[in-house]
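Heads up, the thing below is written out as C-alpha cells.
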Amino acid sequence: NSNCFDAFYLYGRLCFGMGNIEKSAELLLKAAEVRREDYQSLLLAGQSVGMLENGTTRAHEIIRHGLARARKQLEANPNDIRALSLGSGSLFEIGEREEAFIWIERALLLDPNDSSTLVNGACLYAKAGKKEKALDMLERAFSRGTGNKNWIRQDPDYDSLRQEPRFIALIKDG
C-alpha cells in the first residue's frame, strides 16, 4: 500500500537497525511524504542521509524540515516528550546545541523514566562527549527491558562510547 505510513516508517526503522542505511533513508523519506505532519520520519531520515552523505547540506535540510514539524507538534502539545527527546539530537546535529540540551532536559523533567527519552538523551550526551551521563541513561533504559540494541549498534552518535567497558557490556546481547 503506497499510502501506508506505518509500513514505510517501521520498515525504515528496521532497515536502520539491520545496517541497511540506504534503504532506511529511502523508506523514511517515503513515510514523511505519506504523513506530511510527521516529524519522526524526517528526523530519522535526516540521520540516515547524514550517515550516507557524511553530514551534507541535504541531510541538514531534511533535519530542519523535521524540526519544523516537531515545533508544530510542540505548539499543539508542549509536553510531547517524543518530539522533545528525538528533536534534541537533531538540534545538536545542526549546531543548535544549547536548544538541544533544553529540549532533552525538558523531556526528562516531564518523564524521567521514559525509555525512549533515556535512549535519546544518552545519544545526545554521547555526541557531546559526556560519556558517564550517556552510559547512566542507557543503563536506566536497559534496566527497564527496553532500548533497541541493534539500532544503537548502527548509530554513529554512540561512537564515543564504543570502547567503554560499560557500553560493551550493555549492548553485547539482544
Side-chain angles (χ1 to χ4, degrees), residues 9-29 39-60 62-64 66-67 70 81-105 107-108 111-174:
Y9 179 74
L10 294 173
Y11 187 29
R13 288 183 60 97
L14 178 67
C15 286
F16 186 98
M18 294 173 52
N20 190 345
I21 308 307
E22 189 171 336
K23 186 72 171 174
S24 173
E26 173 192 331
L27 292 165
L28 291 167
L29 287 170
Y39 60 88
Q40 296 178 78
S41 52
L42 276 177
L43 295 179
L44 296 174
Q47 178 184 29
S48 292
V49 170
M51 288 171 66
L52 293 168
E53 299 177 3
N54 211 14
T56 63
T57 301
R58 178 174 173 246
H60 285 193
I62 294 167
I63 290 169
R64 281 188 175 82
L67 285 167
I81 59 173
R82 179 71 176 157
L84 290 165
S85 67
L86 187 59
S88 69
S90 296
L91 286 164
F92 190 91
E93 187 65 32
I94 63 169
E96 296 180 27
R97 296 183 173 180
E98 185 176 328
E99 189 173 10
F101 289 105
I102 290 170
W103 280 34
I104 196 62
E105 291 302 324
L108 288 165
D111 190 346
N113 297 313
D114 178 72
S115 302
S116 179
T117 300
L118 289 168
V119 169
N120 286 323
C123 178
L124 175 64
Y125 284 102
K127 288 196 295 189
K130 298 180 180 187
K131 295 178 185 182
E132 291 304 312
K133 186 154 184 155
L135 289 166
D136 290 346
M137 293 175 120
L138 277 180
E139 284 176 346
R140 285 178 50 208
F142 289 153
S143 73
R144 290 168 172 70
T146 57
N148 187 332
K149 293 180 182 184
N150 286 332
W151 184 284
I152 292 168
R153 285 184 188 105
Q154 301 302 322
D155 192 337
D157 294 343
Y158 293 96
D159 283 353
S160 69
L161 305 178
R162 301 247 179 248
Q163 302 305 314
E164 297 294 322
R166 286 172 64 196
F167 183 81
I168 294 166
L170 280 170
I171 65 162
K172 71 177 177 183
D173 298 322

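All residue numbers refer to positions in the sequence shown, counting from 1. The model shown is predicted, which means the values in this text are computed figures rather than measured ones.
The local environment of CG in Asn54 is sparse, with at most 12 non-hydrogen atoms from other residues, nucleotides or ligands closer than 6.0 Å. The number of heavy-atom neighbours closer than 6.0 Å to OH of Tyr11, taken from other residues, nucleotides and ligands shown, is 12 or below. A 6.0 Å sphere centred on CD of Glu53 holds more than 12 heavy atoms belonging to other residues, nucleotides or ligands.
Of all heavy-atom pairs spanning Leu44 and Tyr9, the tightest one is CD1-OH, 3.8 Å. Scanning both residues, Arg144 and Arg140, for their nearest heavy atoms gives NH1-O, 2.7 Å. The nearest pair of heavy atoms linking Ala70 to Tyr39 is N-CB, 3.5 Å. Residues Ala141 and Ser115 share a closest heavy-atom pair of CB-O, 4.0 Å. Here the closest non-hydrogen pair linking Ala59 and Gly46 is CB-O, 3.7 Å. For Leu124 against Gly89, the heavy-atom pair with the smallest separation is CD1-CA, 4.4 Å.
Interatomic distance, Leu14 CG to Lys23 NZ, rounded to the nearest 0.5 Å: 11.5 Å. With rounding to the nearest 0.5 Å, the separation of CD1 in Ile81 from CG in Asp111 is 4.5 Å. Remark: Leu138 CG to Leu161 CG distance equals 7.0 Å, nearest 0.5 Å. Separation of atoms CD1 (Ile102) and OG (Ser88) is listed at 11.5 Å; rounding is to 0.5 Å. With rounding to the nearest 0.5 Å, the separation of CD1 in Ile21 from CD in Gln154 is 5.5 Å. From Asn120, atom CG reaches atom CE of Met137 across 9.5 Å, with rounding to the nearest 0.5 Å.
A cation-pi arrangement is present between Lys149 and Phe142 under the rule of less than 6.0 angstrom and at most 45 degrees off the ring axis. Both tests pass for Lys133 against the ring of Tyr125: distance under 6.0 Å to the centre and angle within 45° of the axis.
With contacts defined as side-chain heavy-atom distances shorter than 4.5 Å, the pair Ile62/Leu43 does not qualify. Leu108 has its side chain within reach of Leu118: a pair of non-hydrogen atoms, C-beta onward, lies under 4.5 Å apart. Gln47 is not listed as a side-chain neighbour of Leu28, based on a closest heavy-atom distance of 4.5 Å or more. No side-chain heavy atom of Ile152 sits less than 4.5 Å from a side-chain heavy atom of Asp157. Annotation: side chain of Lys131 is not in contact with side chain of Phe167 (no heavy-atom distance under 4.5 Å).
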I'd like to know whether Met18 forms a side-chain contact (heavy atoms from CB on, under 4.5 Å) with Asn150, so could you lay out the CA-CA distance, the side-chain angles of the two residues, the decisive distance to 0.1 Å, and finally the verdict. CA-CA 7 Å; Met18 294 173 52; Asn150 286 332; over 6 Å; no
Decide side-chain contact (heavy atoms from CB on, under 4.5 Å) for Phe16 and Asp155; before the verdict, give the C-alpha distance in whole Å, the side-chain angles of both, and the deciding distance to 0.1 Å. CA-CA 8 Å; Phe16 186 98; Asp155 192 337; 4.2 Å; yes
Show your working on side-chain contact (heavy atoms from CB on, under 4.5 Å) between Leu67 and Ile63 and close with a plain yes or no. CA-CA 6 Å; Leu67 285 167; Ile63 290 169; 3.8 Å; yes
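Without hydrogens or angle criteria, Ser24 side chain to Gly12 main chain gives a donor-acceptor distance under 3.5 Å. Remark: side-chain polar atoms of Arg153 are paired, donor with acceptor, to backbone N or O of Ile171 under 3.5 angstrom.
Between Asp136 and Lys130, no side-chain nitrogen of the basic residue sits less than 4.0 Å from a carboxylate oxygen of the acidic one, so the salt-bridge criterion is not met.
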